[in-house]
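The analysis underlying the following values was restricted to heavy atoms, covering all of them including side chains, and did not include hydrogens, waters or symmetry mates.
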Amino acid sequence: MKTSDIRIKFLKFFESKGHTILPSSSLIPTNDQTLLFTNSGMVQFKDIFTGHETSNYKSVTTAQRCFRAGGKHNDLENVGYTARHHTFFEMLGNFSFGEYFKKEAIHYAWELLTSVYKIPKDKLLVTVYYDDNEAYDIWNKEIGLNQSSIIRIGDNKGSKYASDNFWQMADVGPCGPCSEIFYDHGPNVDGGPPGSDNSDGDRYVEIWNLVFMQFYIDVNGNITNLMTPCIDTGMGLERIAAVLQGVHSNYDIDLFKNLIKSSARMVNIDDLSNSSLKVIADHIRATAFLIVDGVLPANDGRGYVLRRIIRRALRHAYKLGENKVFLHKLIPDLIQEMGTAYPEIISGSNLIVRVLKQEEERFIETLSNGMKILNNNLNHMKSGDMLSGDILFNLYDTYGFPADLTADVCREQNISVDIDSFELEMSKQRDKARLAGKFKNLNNQINYYDGPATIFDGYKIFDLSAKVVAIYSKGKFVNSIVMEDSADIVLDRTPFYAESGGQVGDKGFLISDISNFRVNNTTLHSNVFMHHGYLESGSIRVGDILRASIDIDNRKNISRNHSATHIMHKALRTVLGTHALQKGSLVDSERIRFDFSHDFPVSIDQIKEVEKISNEEILSNSLVNISNMDYCDAISIGAIAVFSEKYENSVRVVNIGSSLELCCGTHVNRTGDIGFLKIISESSVSAGIRRIDAVTGNNTLRLIQDQQDIFLRLSSSLNTNISNITTKVDGQINYIKNIEKKIYLLEKNIANVIVDNFAIDKIKFIKDIGILISIVHGLEHNVLCNIVDSMKSRFQKTIVLLASVSSNGKVNVVCGISNAITNLINAKDIISLVLTKINGKGGGRNNMATGSGYNDKKLPDILDNIFGFIKEKI
């Protein structure tokens, strides 16, 4: 039975039992900050099990794509070397949210395995938690399993409920006993039944786990009954496919066999049992699905896990003799195997290929260089030795070779790595970087006020009375300031927004009857707002009451731009994909600068679509809703958090159009207040990060007016109307290109004529080498080069040195030498000799070099000496 058929039969079976088939959720857990990746089928139903969400269905079934790259379930270094370790896998599951419980779950499982999949009953045995008599009796009395086929598993890990057959979602939360179903691969495979001393063998393989979620465990370990018991089951598709296809290893099932064949074809080897091919086949699935779910290669978080497995696959290809990019070429083969079940890899194939190819190209040279250096060190070591932390650090720091990849290579040769010494070196490097940063900012350090936090009232109030609680001038606390003093003022309360979250601080004035302090910026230091500026008139003392008044027009422009970033962020994710997440921003009164994760330039059509979606949101003039709520609640309703930011338990949730984000910035009241958004540029910031600059409101109007002025001037200069400018410009460009071609041909003809004239009396021969050294006047650089080319084409062996003197005294020098005699003399040496005499600069290749200088009076003597130099050389 093909793997694709096994998946379909599972889903259809449970659909026939009243379950709703739901699609697989993303590998990136929705609204769950406790997990990097979806690692089991129950993740998308976690909030239902915990009671935070109510399900629209009573029972469901899924084929869930999962990813594990560490932890107790999957050690990355084992992938490809054992029969059942994977990074990416599919989990088949059926779930009940109070509709049925143990009896139905056990009967369904048995019917599917023995009647639908037709697995012989005597090849199956089960485990139950040691005191779960209810499950035991169902297996024994209703299913009819012999007592010898039902194994009770107790608490074998040192504490109550610490058992392979007792499942907990977390230290606190829903939990319950489980019943695992095992397949017996037969006595020819080593290993004993579960619970025995030899249970780590491969004879008995777990294929399905039925979790009976019936309890709740609190922080003290106390167990109480859940009001609504639930069912959560998980069966690895790859494992059941191995059983049904009569093979022992998951890598021998049809899906993997085809991917392994494709990988072998790419790296040009015939041994399909090679473990490195299994690694590649596993990792291509993982990388493709991670990318299509929005993960891009990066140096931290999910992006680093993706980067790590891509590099691991490339390293195994290198091990097989392949040192060129190839992984991206496997995507069509993956689509052939899994595209029907997961059409998202078809629609996302272009993105997957582009990201993979780019990451391969970035790393392939590093891999080759790093492996040569590492192998040179390992060649002097033997099994059981330890690679020093110095070598590990040098490979990483100097050559960019990842430490985990070094450890992976060493592990295969039974060589350990001194990771402690490596971490020590890394720590020293980080300390140096921090020290350098502190040193650079040493003169700017201020011992800021550490009193009560400033009360911020500026979301709706723009003008209020406040008390001066501290003044700093030149980094020191002072009691007062006088006119023209620059200072940083702390108030007990303020309407000024302090620079944070990418939004600049407010400007404005602090005013009294006798003083006027201009605020140029506002910053935040440990909940204290610092108002930076200078005193235009009067004096201010600590304790004074001032009127704090922000620049309202400046604030409105900033708010327009900030609200527009939220709308544009949502539009980018709609057009480019959910991977396009904010990575930084700068919002001021003039413009928006927005950085986001994306590996490729955004096309003109995509920019137009982002603008279209954004401005449709703006024109809807919908009300902006802002509320405060618990962080977990905000995430659960879909609010986007910028994960480089730190959030309190209570967060501010901003709903602008279809955008929902956590944000403390200032915003418009209605989307229409933004006016109009226009993207003015798109560029690269760094690997995997793009930047968009945009304007809104009056700044958009000014931009359009300026562009209109340019169009009007162009139309006047080109003597055409605005709508015809593009056609007219294209015509002028083509005209210029034709003229340039004609000029090029004329220059070639001029060069040939000049060579003909030179040939009469100026070409000298030494042996069989023709030498032309001459001063010419008013010839351009291109003509000189063409003369050299013409000479070299006429004579098999020639040396040409030409110096052109312009009317302002500048000298251009060109030297060309036939390739056949560059072993005797080269153009770079000749040009260098000339340029040192005329205070010039230049360079080139052995057969062609150029330069320029300004000392033409001595030029004839210099060239005579050069002829002597050439004569000596040849």
Closest approach of [X] to [Y] (non-hydrogen atoms, all atoms of both residues):
{"X": "Pro495", "Y": "Ile550", "result": "O-CG2, 3.7 Å"}
{"X": "Asp599", "Y": "Gly688", "result": "OD1-CA, 2.9 Å"}
{"X": "Ser852", "Y": "Leu835", "result": "N-CD2, 3.7 Å"}
{"X": "Val653", "Y": "Ala639", "result": "CG1-CB, 4.3 Å"}
{"X": "Leu662", "Y": "Ala634", "result": "CD2-CB, 3.7 Å"}
{"X": "His667", "Y": "Ser563", "result": "ND1-OG, 2.9 Å"}

Taking the six-membered ring for Trp, are His598 and Phe600 parallel (under 30°), tilted (30 to 60°) or perpendicular (over 60°)?
perpendicular

So Phe456 and Tyr497, would you call those rings parallel, tilted or perpendicular, with 30° and 60° as cut-offs?
perpendicular

His569 ring center within less than 6.0 Å of Phe596 ring center:
no

Between atom [atom1] of [X] and atom [atom2] of [Y], what is the distance when rounded to the nearest 0.5 Å?
{"X": "Ile331", "Y": "Asn350", "atom1": "CD1", "atom2": "CG", "value": "11.0 Å"}
{"X": "Cys664", "Y": "Tyr459", "atom1": "SG", "atom2": "OH", "value": "4.5 Å"}
{"X": "Ser539", "Y": "Asp544", "atom1": "OG", "atom2": "CG", "value": "7.0 Å"}
{"X": "Arg591", "Y": "Ile692", "atom1": "CZ", "atom2": "CD1", "value": "13.0 Å"}
{"X": "Ser614", "Y": "Leu619", "atom1": "OG", "atom2": "CG", "value": "11.0 Å"}
{"X": "Leu27", "Y": "Arg302", "atom1": "CG", "atom2": "CZ", "value": "10.0 Å"}

Okay, side chain of [X], backbone of [Y]: is any donor-acceptor separation there less than 3.5 Å?
{"X": "Asn655", "Y": "Ser659", "result": "yes"}
{"X": "Thr700", "Y": "Val695", "result": "yes"}
{"X": "Asp485", "Y": "Val482", "result": "yes"}
{"X": "Asn621", "Y": "Gly672", "result": "yes"}
{"X": "Asp457", "Y": "Thr494", "result": "no"}
{"X": "Thr671", "Y": "Glu617", "result": "yes"}
{"X": "Asn721", "Y": "Asn724", "result": "yes"}
{"X": "Asn615", "Y": "Leu677", "result": "yes"}
{"X": "Gln503", "Y": "Gly665", "result": "no"}
{"X": "Asn699", "Y": "Glu590", "result": "yes"}

Judged by modelled atom types alone, do [X] and [Y] share a side-chain donor-acceptor pair under 3.5 Å?
{"X": "Asn628", "Y": "Ser650", "result": "no"}
{"X": "His579", "Y": "Ser597", "result": "no"}
{"X": "Thr666", "Y": "His562", "result": "no"}
{"X": "Asn561", "Y": "Thr696", "result": "yes"}

Pairs meeting criterion salt bridge (Lys or Arg N to Asp or Glu O under 4.0 Å) with involvement of residues 495-518, two or more places apart:
Asp506-Arg555, Arg518-Glu536

Would a 4.5 Å heavy-atom cut-off, applied to side chains only, mark [X] and [Y] as touching?
{"X": "Ile710", "Y": "Asp706", "value": "no"}
{"X": "Leu356", "Y": "Ile310", "value": "yes"}
{"X": "Ile489", "Y": "Met530", "value": "no"}
{"X": "His328", "Y": "Val355", "value": "no"}
{"X": "Phe517", "Y": "Val468", "value": "no"}
{"X": "Ser622", "Y": "Arg670", "value": "no"}
{"X": "Thr565", "Y": "Gln582", "value": "no"}
{"X": "Leu491", "Y": "Leu510", "value": "yes"}

Salt-bridged, Asp673 to Arg560, with N to O below 4.0 Å?
no

Is it true that Arg691 and Asp595 have a side-chain N and a carboxylate O under 4.0 angstrom from each other?
yes

With side-chain contact (heavy atoms from CB on, under 4.5 Å) as the test, would you mind laying out the steps for Gln358 and Arg362 before giving the verdict?
CA-CA 6 Å; Gln358 182 169 282; Arg362 285 174 179 164; 2.7 Å; yes

Is atom [atom1] of [X] surrounded by more than 12 heavy atoms (other residues, nucleotides or ligands) closer than 6.0 Å?
{"X": "Ile739", "atom1": "CD1", "value": "yes"}
{"X": "Asn719", "atom1": "CG", "value": "no"}
{"X": "Tyr744", "atom1": "OH", "value": "no"}

Could you walk me through whether Ile733 and Lys737 pass the side-chain contact (heavy atoms from CB on, under 4.5 Å) test, one step at a time?
CA-CA 6 Å; Ile733 290 171; Lys737 285 181 178 178; 3.8 Å; yes

Only one of Thr523, Asn554, Ile558 passes side chain to side chain contact (heavy atoms under 4.5 Å, CB included) with Val504; say which it is.
Ile558

Tell me, please, which residues at least two apart from Glu359 pass side chain to side chain donor-acceptor pair (under 3.5 Å).
Arg307

Test side-chain contact (heavy atoms from CB on, under 4.5 Å) applied to Val654 and Val624, step by step:
CA-CA 7 Å; Val654 180; Val624 174; 4.3 Å; yes

Run Lys570 and Ile613 through side-chain contact (heavy atoms from CB on, under 4.5 Å) and show every step you take.
CA-CA 9 Å; Lys570 179 64 186 298; Ile613 294 171; over 6 Å; no

